[in-house]
Colleague: 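Quick one: this structure, given as structure tokens, is what I'll be asking you about.
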Number of protein chains: 2
Amino acid sequence: MLNIGEVARRGGVSVETLRYYEREGLVEVAGRNANGYRRYGDDAVRQIRFIKHAQEVGFTLKDIKELLSLKADPGASCCDVRGRAEEKIREMEAKIAVLERMRSILADWAAACPDTGPVSRCPILDALENEMDERRGGMSCLPPGRGA
Amino acid sequence: MLNIGEVARRGGVSVETLRYYEREGLVEVAGRNANGYRRYGDDAVRQIRFIKHAQEVGFTLKDIKELLSLKADPGASCCDVRGRAEEKIREMEAKIAVLERMRSILADWAAACPDTGPVSRCPILDALENEMDERRGGMSCLPPGRGA
DNA sequence: CTAACCCCTAAAGTATACTTCAGGGTCAAG
DNA sequence: CTTGACCCTGAAGTATACTTTAGGGGTTAG
Ligand SMILES: [Zn+2]
Ligand SMILES: [Zn+2]
Ligand SMILES: [Zn+2]
Ligand SMILES: [Zn+2]
């Protein structure tokens with residue numbers, strides 16, 4: 001049985017984070033001692049590392065809560081877990097696609113910018129000022145059905 | 001001179017967003033009428049579209065405030081603007097790299113998961129429970145100098 | 001005994017970009 | 001004169017994952 005500080009040290013998180021995880025239902029406390037101090041079993045440290053590893057690959061705490069439920073549920077199947085992973089992969093691919101598109105547009109603009117002279121003739125600012133909504137599709141900032 | 005509602009419609013944002021932009025110093029009001037209603041010049045709509053376009057390519061409102069300052073500053077050079085764009089490109093590349101790394105790890109795990117059977121033998125949960133910190137480098141969740 | 005260090009709670013703050021709420025004037029039409 | 005659409009302010013709420021603050025008790029070494 002460990003105090004919160006020791007669990008925090010071994011898990012690589014702060015005690016505040018541990019209390020936060022407890023509030024959020026991610027880590028359970030085994031019990032309390034006479035002073036009201038939290039006592040943790042050693043599975044707590046494993047649990048915290050699970051959480052941190054899951055965060056490292058992109059799961060949110062909400063996701064992780066679900067993963068922990070699956071892990072604890074003897075009726076759950078491997079398939080459920082893989083489903084979560086695949087969903088997360090799709091989310092990431094969507095985010096990557098958005099970022100790639102933005103990066104590519106910015107890169108084009110940066111290439112067009114002469115890098116000298118006044119801002120009044122900067123093609124980047126021009127591009128931002130004028131329409132570019134049809135470019136590559138799906139970047140509309142205007143209300144639908146209203147041309148310029 | 002336009003009321004806030006008309007500017008919102010033409011700009012494709014809500015009136016609350018406009019008031020928010022005003023508080024944040026992104027859009028100036030030309031004046032007020034006798035009732036205290038905001039009156040906007042028609043450059044306001046252009047300004048809002050600038051903001052929206054800049055967001056579409058990944059600039060934050062903070063970035064955009066700087067871009068607007070540069071745009072308004074006759075002493076600023078094109079170079080400054082390009083600098084912001086290139087910095088943003090680097091930020092995006094960093095984010096993309098992180099996402100790619102996470103995606104690739106998850107994809108490997110998902111491929112290893114048999115997708116049948118109980119969660120107790122799921123390689124994804126196994127991977128999350130056990131160490132994977134040395135994999136691909138730089139994913140440590142542990143405090144430095146503390147092995148297992 | 002007291003400093004240093006551990007623990008406790010509840011609430012508020014952080015960052016971002018807004019939205020929603022509460023409460024209340026203004027204006028044109030019918 | 002009322003209805004509905006519009007405008008105003010200031011404050012709080014949203015989502016995420018924590019951190020910080022405020023205020024206070026417990027334990028141990030010197
Ligand atoms: Zn599995
Ligand atoms: Zn646009
Ligand atoms: Zn330029
Ligand atoms: Zn790790």
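All chains are named by letter (A, B, ...) in the order of the sequence lines, taking the proteins before the strands, and each is independently numbered beginning at 1. Because the structure is predicted, anything quoted here is derived from the model rather than measured.
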Colleague: B/Val15 or B/Arg23: which one's nearest nucleotide on DNA chain D is closer to the 5' end?
Modeller: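 Taking each residue's closest nucleotide, the earlier one in sequence belongs to B/Val15.
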Colleague: Counting only side-chain nitrogens and oxygens, does A/Arg32 get under 4.0 Å of the OP1 or OP2 atom of C/dT9?
Modeller: yes
Colleague: Do you know the tightest heavy-atom contact between A/Arg39 and A/Arg32?
Modeller: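 Residues A/Arg39 and A/Arg32, closest heavy atoms: CG-C, 4.1 Å.
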Colleague: Taking atom C1' of C/dC27 as reference, at what distance in whole Å does atom CG of B/Asn3 sit?
Modeller: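 Answer to the nearest Å: 11 Å.
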Colleague: Is the shortest side-chain heavy-atom distance between B/Leu125 and B/Glu129 below 4.5 Å?
Modeller: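 Side chain of B/Leu125 against side chain of B/Glu129, heavy atoms only: no contact under 4.5 Å found.
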Colleague: With a cut-off of 6.0 Å (strictly less than), are more than 12 heavy atoms of other residues, nucleotides or ligands near CG of A/Asp73?
Modeller: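 Above 12, so yes.
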Colleague: I'd like the 5' and 3' limits of the part of DNA chain D contacted by chain B, with heavy-atom contacts below 4.0 Å.
Modeller: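 Span of nucleotides near chain B: D/dC6 to D/dT9.
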Colleague: Please step through salt bridge (charged side-chain N to carboxylate O under 4.0 Å, His left out) for the pair B/Glu6 and B/Arg9, ending with a clear verdict.
Modeller: CA-CA 5 Å; B/Glu6 192 55 32; B/Arg9 250 186 307 281; 3.1 Å; yes
Colleague: Which of residues 34-41 of chain B have a heavy atom under 4.0 Å from DNA chain C?
Modeller: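 Nucleic-acid contacts, sorted: B/Asn35, B/Tyr37.
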Colleague: For the CD atom on B/Glu28, are there more than 12 heavy atoms of other groups (residues, nucleotides or ligands in this structure) within a distance under 6.0 Å?
Modeller: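 Counting other residues, nucleotides and ligands, CD of B/Glu28 stays at 12 neighbours or fewer.
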Colleague: Quick one: label A/Glu24 by what it contacts on the DNA or RNA (base, sugar-phosphate, nothing), any heavy atom closer than 4.0 Å.
Modeller: nothing
Colleague: Between B/Arg46 and B/Phe50, is any pair of side-chain heavy atoms under 4.5 Å apart?
Modeller: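 Side-chain contact under 4.5 Å: no.
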Colleague: Keeping to residues at least two apart or across chains, list the side chain to side chain donor-acceptor pair (under 3.5 Å) pairs with something in residues 57-66 of chain B.
Modeller: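 Passing the test, one end in residues 57-66 of chain B: B/Thr60-B/Asp63, B/Asp63-B/Lys88, B/Glu66-B/Arg84.
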Colleague: Rounded to whole angstrom units, what separation is found between the CD atom of B/Glu22 and the C1' atom of C/dC18?
Modeller: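 Computing the B/Glu22:CD to C/dC18:C1' distance gives 15 Å.
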Colleague: Walk me through whether B/Phe59 and B/Ile51 qualify under side-chain contact (heavy atoms from CB on, under 4.5 Å).
Modeller: CA-CA 9 Å; B/Phe59 289 106; B/Ile51 294 169; over 6 Å; no
Colleague: Just how far, in rounded Å, is P of C/dC27 from CD of B/Glu6?
Modeller: 18 Å
Colleague: I want to check one thing: is the phosphate of C/dC18, taken as OP1 and OP2, less than 4.0 Å away from some side-chain N or O of B/Ser14?
Modeller: no
Colleague: What closest approach, in Å, do A/Leu2 and A/Arg10 show between heavy atoms, and which atom pair accounts for it?
Modeller: CD2-NH2, 3.6 Å
Colleague: Atom OH of A/Tyr20 and atom P of C/dA12: how far apart are they, to the nearest Å?
Modeller: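 It is 17 Å, rounded to the nearest whole Å.
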